[in-house]
Amino acid sequence: MAQKISLTRYLVEQQRVDGLIPSQLRLLLEVVARACKSISQAVNKGALGGVLGTADSENVQGEVQKKLDIIANEVLIEANEWGGHLAAMASEEMEGIYVVPNRYPQGEYLLLFDPLDGSSNIDVNVSIGTIFSVLKKPDDHPGVTEQDFLQAGRQQVAAGYCIYGPQTTLVLTVGDGVAMFTLDREQGSFVLVQEHVTIPADTREFAINMSNMRHWDTPVRRYIDECLAGKEGPRGKDFNMRWIASMVADVHRILTRGGIFMYPWDKREPDKPGKLRLMYEANPMGWLVEQAGGAATNGRQRILDIQPGKLHERVSVILGSKNEVERVTGYHQG
Ligand code: AHG
Ligand code: MN
Ligand code: MN
């Protein structure tokens, strides 16, 4: 059997052979992976660990927090604050940025995360995940502010997610394609299971929350109507549908076998650009998908080119198989 390649070895080789990642970034990614391992343990214990159910609190987006939202957030902060690789962190579960305390050295990177994605699936034992995005702190001034985080997604230096499903798998890009690592629980380490992940350009599978159909805008409605018309319709083929309500799980399926995922702007809250968050959901997922040969837009613009105006900015998301994403985006321009 071929030798197993651990995440550590993969990162060392990316650093040494390809010069793609400096040592601070390598440390950062190792620490994020370690935190994900410990979140995975908590997720696996479920009721036995007393981690299910809601906490008595709301986050800045007005969502009721689950116990695991808070636990995962704390795990990521505690793991990352002392290593000297970070200047600050930002999370779905924290209103402002978390600056690395003075007692630790300050590093060059900024880490953003959705500590627990798919919270509505925690208690029903369905796949959930952690999403992360890494930026470089601008080096033209000392200290760190929220403004430093407001960089377009194309500036990311690393991005990924860890899915807690039947397997725990970490999916990563540092700008050289997408690689997947599955947690070997006996060894306690992430092992490379796939490199050069590629999303097929065409698909017959879409993911959208159909219960919102009556609120959609015309281009999205048109696209889905055409899919639903199947073989007899303008697309001349039948489509299948999946909606897991964990972006991590939907994106993981798309990276594995193709598909298109949409959480578009809709008329329920017309002033909000969308439900999903740009900086720690759409940007890292958008980059992963692009790195695997797919596309990601908000219907009008490439996600990675959007200049964020605030930390918790929301965005309309259309991502996945390239030809389908281009089709929906084209419908918006028509
Ligand atoms: P989070 O649990 O981090 O708030 O994210 C949930 C997101 C995303 O993962 C998923 O695609 C979507 O919300 C599901 O929304 P609906 O329940 O509206 O379908
Ligand atoms: Mn999320
Ligand atoms: Mn979340």
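All ligand and atom numbering here is 1-based and tracks the order in the structure.
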Side chains of [X] and [Y] only: does a donor on one sit below 3.5 Å from an acceptor on the other?
{"X": "Ser189", "Y": "Asp184", "value": "no"}
{"X": "Glu58", "Y": "Gln65", "value": "no"}
{"X": "His332", "Y": "Asp217", "value": "no"}
{"X": "Thr203", "Y": "Arg257", "value": "no"}

Is the closest heavy atom of [X] to ligand 1 under 4.0 Å?
{"X": "Gly118", "answer": "yes"}
{"X": "Leu276", "answer": "yes"}
{"X": "Asn212", "answer": "no"}

Does an N or O from [X], backbone or side chain, lie closer than 3.5 Å to an N or O of ligand 1?
{"X": "Asp114", "answer": "yes"}
{"X": "Asp250", "answer": "no"}
{"X": "Met247", "answer": "yes"}
{"X": "Ser120", "answer": "no"}

For [atom], find the nearest protein heavy atom and state the residue, atom name and distance (0.1 Å precision).
{"atom": "atom 18 (O) of ligand 1", "answer": "Tyr263 OH, 2.6 Å"}
{"atom": "atom 6 (C) of ligand 1", "answer": "Asp117 OD1, 3.9 Å"}
{"atom": "atom 19 (O) of ligand 1", "answer": "Asn209 ND2, 2.7 Å"}

**Request:** Below 4.0 angstrom from a heavy atom of Leu116, which ligand 1 atoms are there? Numbered from 1 as shown, please.
**Result:**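 Counting from 1, the qualifying ligand atoms are 2 (O), 3 (O).
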
**Item:** ligand 1 atoms in contact with Glu281 (distance to a heavy atom under 4.0 Å)
**Value:**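 Going through ligand 1 atom by atom, the ones under 4.0 Å from Glu281 are 3 (O), 5 (O).
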
**Ser119, portion touching ligand 1 at heavy-atom distance under 4.0 Å** =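 Both backbone and side chain.
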
**Proximity of Glu93 to ligand 1 by residue part, where a heavy atom lies under 4.0 Å** =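 Near ligand 1, Glu93 shows nothing, with every heavy atom at 4.0 Å or more.
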
Starting from the Mn ion (ligand 2), look over the N/O/S atoms of [X] and name the nearest one.
{"X": "Asp117", "value": "OD1"}
{"X": "Asp114", "value": "OD2"}
{"X": "Glu281", "value": "OE2"}

**Request:** Tell me which N, O or S atom of Glu92 sits nearest to the Mn ion (ligand 3).
**Result:**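 That would be atom OE1.
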
**Prompt:** Which atom pair, heavy atoms only, marks the closest approach of Leu170 to Cys36?
**Reply:**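 For Leu170 versus Cys36, the nearest heavy atoms are CD1-SG, 4.3 Å.
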
**Item:** Option nearest atom 14 (C) of ligand 1 (shortest heavy-atom distance, choices Gln61, Met285, Lys275)
**Value:**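 Minimum heavy-atom distance to atom 14 (C) of ligand 1 goes to Lys275.
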
**Phe261-Trp243 aromatic ring centre distance below 6.0 Å** =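 Ring centres of Trp243 and Phe261 closer than 6.0 Å.
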
**Heavy-atom side-chain contact between Gln151 and Met279 under 4.5 Å** =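 The answer is no; the side chains never approach within 4.5 Å.
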
**Message:** Is any side-chain heavy atom of Thr130 closer than 4.5 Å to one of Asp117?
**Reply:**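 No, too far: nothing below the 4.5 Å cut-off.
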
**Prompt:** Could you state the interatomic distance from CG (Asp114) to OH (Tyr280), rounded to the nearest 0.5 Å?
**Reply:**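 So the CG of Asp114 and the OH of Tyr280 are separated by 7.5 Å.
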
**Prompt:** Among Thr54, Val75, Val43, which residue meets the side-chain contact (heavy atoms from CB on, under 4.5 Å) test with Leu68?
**Reply:**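 When Thr54, Val75, Val43 are each tested with Leu68, the side-chain contact (heavy atoms from CB on, under 4.5 Å) holds only for Val43.
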
**Asked** Within Leu116, is some N, O or S atom less than 2.8 Å away from the Mn ion (ligand 3)?
**Response**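 So Leu116 does bind the Mn ion (ligand 3) by this criterion.
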
